[in-house]
Amino acid sequence: MANADQITAARHGHSRPHLTNGASTPNKSANSNFQCDVIVIGAGFCGITAIHRFRKLGMKVKCFEAGNGLGGVWHFNTYPGARVDSEVPFYQLNIPEVWQSWIFGERFPSGPELQRYFEHVDRTLDLSRDVFFNARVNDCSWDETELLWTVKTHQGHEAQAKYLVVCTGLLHYTFTPSFPGFDRYKGEICHAGAWNQKFTTKGKKVAIIGAGSTGVQITQEIGKEADQTTVFLTTEEQLQVRPYYPVLFKAGRQSHAGFPSERPPQGMFETSAEERTELLERLWDVGGPAFALNGYGDVMFDPKANKAAYDFWAGKVRQRLKDPQKQKIMAPQNAPYYFGTKRIPLENDYYEVLDQPNVSIHDLNSAPFETFVKDGVVTADGKVHTFDAVVLATGFDSHTGSLTHMGLRNKDGTDLKDTWEDGVHTYLGLTVSGYPNMFMGFAPQAPTALSNGPTCIEAQIEIIVDMVRKMELEGVRWIEAQPSAEKEWKASIDGMVEGTLFPFTNSWWNAGNVPGKKAANMLYVAGIEHYEAVCRDKLDGWKGFDVLH
Ligand code: NAP
């Protein structure tokens, strides 16, 4: 592996006047108009990892972030009850100086705790000096003569760099369905993905629309009368485990989903009924992601095994709901879709809260919205539901939303939203043909949504940084994915979901949650370890890339 000095030496060995090094870059204006080596867009886990790793490579890196703080989704999703469902220690950056000086207070950290964590990350790595906050990118173009990306923001920044690394995440651009008559509604409206801190629900009659992970967390928080049950972690517990963090992080990286986990070797019905029940009960009691990650592997392939997993889950849910009508809606006899083909939300006492008399459930499958009115909504069964405020937990224009709303133009000047109109194409989930020297982290056609975010991000950013290191050492001026390699990539990831139950369900996982958007497999379902091995093999000899020296 090359170090920072080797990279700088290699750079100066090849005459590329546009490329600057950290020490001598002449900023046209210190604040808003400058050149650097790498421009990163977005300062969540992915952008932070990129800034840190490129700095270590000795490159001058600057970042544009639309929010006024670090954290990405954890900066914007500040709704009551926001909490991660990946447990400590896995949901954090694998950067020793950061984890050695931080203790989490909860097994599944809350939104406010994660915000404090990002403040700690900032203090430890001194990130803010390289991040422009409140800087929303609205134009990115490639100059074929200078071989530079120019990135502009809505606020007037303009920067140039040889490399563009887009870290804008899967879930940034909020989705609000076009409800009939919604403009007639005069009460308050708040979307969970862009939470307004001034919005309060106390003492109000609130309608929550959406029952994904976000809707579950909000309902659990604002619907309850009792105090929330939180699973706390002591400092001692964490200090005892901390010496093993490097081993745990490594095991996460070498796993399928970013958590070291193992499934039984047998299928669901290859074991006796007693063994099956014993395992399912044990995993249920462990909580967190154990039921999904350590259960029988054929649940995602075999409809019969899938039904058995659903029946077990539904039985547990029915026990927690006394109201038979609510039981029927929340845990019907027949699963509305294959179990696990939509994200299983983390919850503590969601069903107990739903069971409270102050919470009513309306099943939109039996009676959809007919029209919104001034103070509520009328449903197809003729019922009028009145309320003071609507909380929209209706999700995001997932996977592509952020990438197609930032003026990201290819070398011919065409916006990505147009080049992807007929379908998403990427190579390795990291690059796009027509976009030389542009890399994406946590973007479509990679393990993303099925994995622990920071682990997948770490693997991807390390690959991107190694690509850039290799380019610099080999004197490569640009690389660009070949369209044929993108076709092969798509065929290979689509081949992975064939035979699974994933293609039968539309959700944000396949971008089928937004009407009019073409549903397609967006995920690399074979896991992080497999993904990384395949990507690294492609780097060797630049397979699937056009390369200009
Ligand atoms: P989501 O999973 O896409 O859920 C959106 C919800 O809105 C669904 O219940 C959906 O119903 C409903 N909906 C959509 N259009 C509707 C319409 N026209 N009328 C009525 N309902 C409509 O979005 P999300 O809950 O924000 O979660 C997105 C992802 O963010 C999660 O899967 C997770 O990866 C992440 N997240 C994680 C955490 C955590 O770590 N704990 C917390 C929150 C979010 P249908 O399903 O019936 O279409």
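Computation of the quantities below employed the complete heavy-atom set of this structure, encompassing side-chain atoms and omitting hydrogens, waters and symmetry-equivalent molecules. Every number for a ligand or one of its atoms is a count from 1 in the order of the listing.
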Participant: Ignoring hydrogens and angles, tell me if any N or O in the side chain of His362 forms a donor-acceptor pair with the backbone of His385 under 3.5 Å.
Facilitator: no
Participant: Given side chains that start at C-beta, do those of Ser398 and Thr400 come closer than 4.5 Å, heavy atoms only?
Facilitator: no
Participant: When you compare the side chain of Leu523 with that of His399, does any pair of heavy atoms fall below 4.5 Å?
Facilitator: yes
Participant: Are Phe291 and Phe312 an aromatic pair, judged by ring center distance below 6.0 Å?
Facilitator: yes
Participant: ring-ring contact (aromatic ring centres under 6.0 Å, His included) with Phe504: which residues, sequence neighbours excluded?
Facilitator: Tyr338
Participant: Less than 3.5 Å apart, N/O on ligand 1 and N/O on the protein: could you list those pairs with the distances?
Facilitator:
| from | atom 1 | to | atom 2 | distance (Å) |
| --- | --- | --- | --- | --- |
| ligand 1 | 7 (O) | Ala393 | O | 3.4 |
| ligand 1 | 9 (O) | Ala211 | N | 2.8 |
| ligand 1 | 9 (O) | Gly212 | N | 3.3 |
| ligand 1 | 25 (O) | Ser213 | N | 3.2 |
| ligand 1 | 25 (O) | Thr214 | N | 2.9 |
| ligand 1 | 25 (O) | Thr214 | OG1 | 3.2 |
| ligand 1 | 26 (O) | Thr214 | OG1 | 2.6 |
| ligand 1 | 32 (O) | Trp508 | NE1 | 2.7 |
| ligand 1 | 34 (O) | Arg343 | NH1 | 2.5 |
| ligand 1 | 40 (O) | Asp85 | N | 3.2 |
| ligand 1 | 40 (O) | Asp85 | OD1 | 3.1 |
| ligand 1 | 41 (N) | Arg83 | O | 2.5 |
| ligand 1 | 41 (N) | Asp85 | N | 3.4 |
| ligand 1 | 41 (N) | Gln217 | NE2 | 3.0 |
| ligand 1 | 46 (O) | Lys342 | NZ | 2.7 |

Participant: Measure the shortest side-chain to side-chain distance between Arg184 and Thr371 over non-hydrogen atoms and say whether it is less than 4.5 angstrom.
Facilitator: yes
